[in-house]
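Inspection log for the structure reproduced underneath, given as C-alpha cells.
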2 protein chains.
Amino acid sequence: MQHTPQMRLTTQRQIILEELGKVTSHPTANEVYDMVRKRLPRIGLGTVYRNLELMSDTGMILKLEVGGTQKRFDATVAPHYHIRCLSCGKVDDVDIPMISDINRIAADKSKYQILGHHIEFTGLCHDCSSVEEKVSIN
Amino acid sequence: MQHTPQMRLTTQRQIILEELGKVTSHPTANEVYDMVRKRLPRIGLGTVYRNLELMSDTGMILKLEVGGTQKRFDATVAPHYHIRCLSCGKVDDVDIPMISDINRIAADKSKYQILGHHIEFTGLCHDCSSVEEKVSIN
DNA sequence: TTGTGATCAGGAATAATTACCACTCATACC
DNA sequence: GGTATGAGTGGTAATTATTCCTGATCACAA
C-alpha cells in the first residue's frame, strides 16, 4: 500500500527542536547551529537551515522575518507580537492581546488579500537602556 | 569662524532623492541603483547604499526593515503601515490610521523602553491572487 | 540483503551589504 | 587665482547570511 511520504523525525531535527524549545529568546539560524553543535558536533550549518525552514513550513515552529538582517526562529507557534532592541538586536515577546479587528480594517483599505499581520515594537532592552544613560549616542 | 560640518547635497544625493520621490513602491537599494543609473550611469552601488543609509539616519527618507531579505526605502517619512505580498515580495502602503495607544499598552507589559512600532500585513497582491486562483500552491 | 527515497555533512556558490582606498571635488582661506 | 582640507565618489574586495550541490548514509519495505 502506498503511504504518504512524511517527514522523518531524525536525531538532528529532534535536537534542533529541543534546543529551540529551551530558550525564550528568538535565535537566528546561526545561534541555533551553535546550540545544537554542543550536542551534535558534526551537524552541518546547511542541515540547520534546511530543517528550520522545513519545520516552519509545516508549522512546527515560527519563522520571524522581523527587522535586522537575519531571520529568527521561535518554538512558540501561537501568534504573538515582538519587540526588538535597536541597540543589541535582541528580540523578545510582548505579552499584549492580538488585535483581531485590524486585518478586516486593513482589508477594507487595500487591494490585497490579507492573510495576517505582525506588530514589531522597537526600543531599548533593559541592559541597553542602562548603558545609554552613561554613554550618550547622539 | 568654525562652521558646523553639514551634509552636502551632491548631484548623486539629489538624484537619488528625486528618483525615490517619483515612485510609490518601496524600492530596494538595488532598484534605486537601477533607477538612478539611467541618469547617472557612472554612479557606484556603494554610493547608493551609503547615501540611502545616510539619508535615513537624518530622517530625510524612511528605511523599512520589513520581512524579506532586502531593506527597502521610502520617500514618505510620515509614519504609516505596510503590506507585503507573500508571493512576489512587493511592499505597499496601507492607509489605516496609526494606533497611537499601542506603545503605551506595550510599555506596561514589557521591560523595554518602547520607542516605536510598525505593523506589517502579509497577504497577496492583486496580481498574485489572480494567479493563485489558477495555479494552486500546495 | 538490497533497492529506494529521504536526509545528511561539507563545501561551493549566491545575494545583499559593507568596508576600503585612491582619486576628485567643493569650499575656505590665503 | 592658488592651495590645503575634508567630504564624497567609484571601483573593488571582503563580509555576512543563506542556499545549492554532491556524494555518502540511513531507514524502511520487499
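Quick note: numbers below take in every heavy atom, side chains included, and nothing from hydrogens, waters or symmetry partners. Every chain is numbered from 1 and lettered A, B, ... according to where its sequence line falls, protein lines coming before strand lines.
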Closest to the B/Q70 side chain, choosing from C/dA16, D/dG6, D/dG10
C/dA16
In Å and rounded to the nearest 0.5 Å, what is the CG to CG distance from B/L62 to B/L52?
12.0 Å
So which nucleotide from D/dG8, C/dC8, D/dA27 ends up closest to the side chain of B/T10?
D/dG8
Which one, D/dG10, D/dA17, C/dT18, comes nearest to the side chain of B/R50?
D/dG10
C/dT18 phosphate, OP1 or OP2: any side-chain N/O from B/Y49 under 4.0 angstrom?
no
Identify which nucleotide among D/dG8, D/dT19, D/dG10 has an atom closest to any side-chain atom of B/R13, counting heavy atoms from C-beta outward.
D/dG8
Quick one: OG1 on B/T11 to CD on B/E18, what's the gap to the nearest 0.5 Å?
10.0 Å
Is there a side-chain contact between B/K63 and the phosphate of C/dT17, meaning an N or O under 4.0 Å from OP1 or OP2?
no
B/R72 has an atom CZ; how far is it from atom C1' of C/dT17, in whole Å?
15 Å
Side-chain N or O of A/N51 less than 4.0 angstrom from OP1 or OP2 on C/dC8?
yes
Between C/dT18 and B/K71, is there an OP1 or OP2 to side-chain N/O distance shorter than 4.0 Å?
yes
What is the distance from CD of A/E53 to P of C/dT7, rounded to the nearest Å?
15 Å
On DNA chain D, compare the nucleotides closest to B/L40 and A/T28; which residue's is nearer the 5' end?
B/L40
Closer than 4.0 Å, any side-chain N/O of B/T69 to the OP1 or OP2 of C/dA15?
no
Side-chain atoms of A/R8 come closest, of D/dG8, C/dC8, D/dC26, to D/dC26
Given atom CG of A/L9 and atom C1' of D/dC28, what is their separation to the nearest angstrom?
16 Å
In terms of ring plane angle, is the pair A/H117 and A/Y81 parallel, tilted or perpendicular, where the classes change at 30° and 60°?
tilted
Given atom CD of A/Q14 and atom C1' of C/dC8, what is their separation to the nearest angstrom?
16 Å
Salt bridge or not between A/K38 and A/E19? Use side-chain N to carboxylate O under 4.0 Å.
no
A/R72 side chain vs A/H26 backbone, donor-acceptor pair below 3.5 Å
yes
By the 4.0 Å heavy-atom rule, please label B/L45 as base, sugar-phosphate, or nothing.
base
What integer distance in Å separates A/R42:CZ from D/dT25:P?
10 Å
Spacing between B/L52 atom CG and C/dA16 atom P, to the nearest angstrom:
15 Å
Between the main-chain N or O of B/E53 and the side-chain N or O of B/S56, is there a donor-acceptor pair closer than 3.5 Å?
yes
Rounded interatomic separation in angstrom, taking CD1 from A/I43 and C1' from D/dA24
16 Å
Would you indicate, yes or no, if C/dA9 has its OP1 or OP2 atom less than 4.0 angstrom from a side-chain nitrogen or oxygen of A/T47?
yes
Atom-to-atom span, CD of B/Q12 to P of D/dG11 - whole angstrom
11 Å
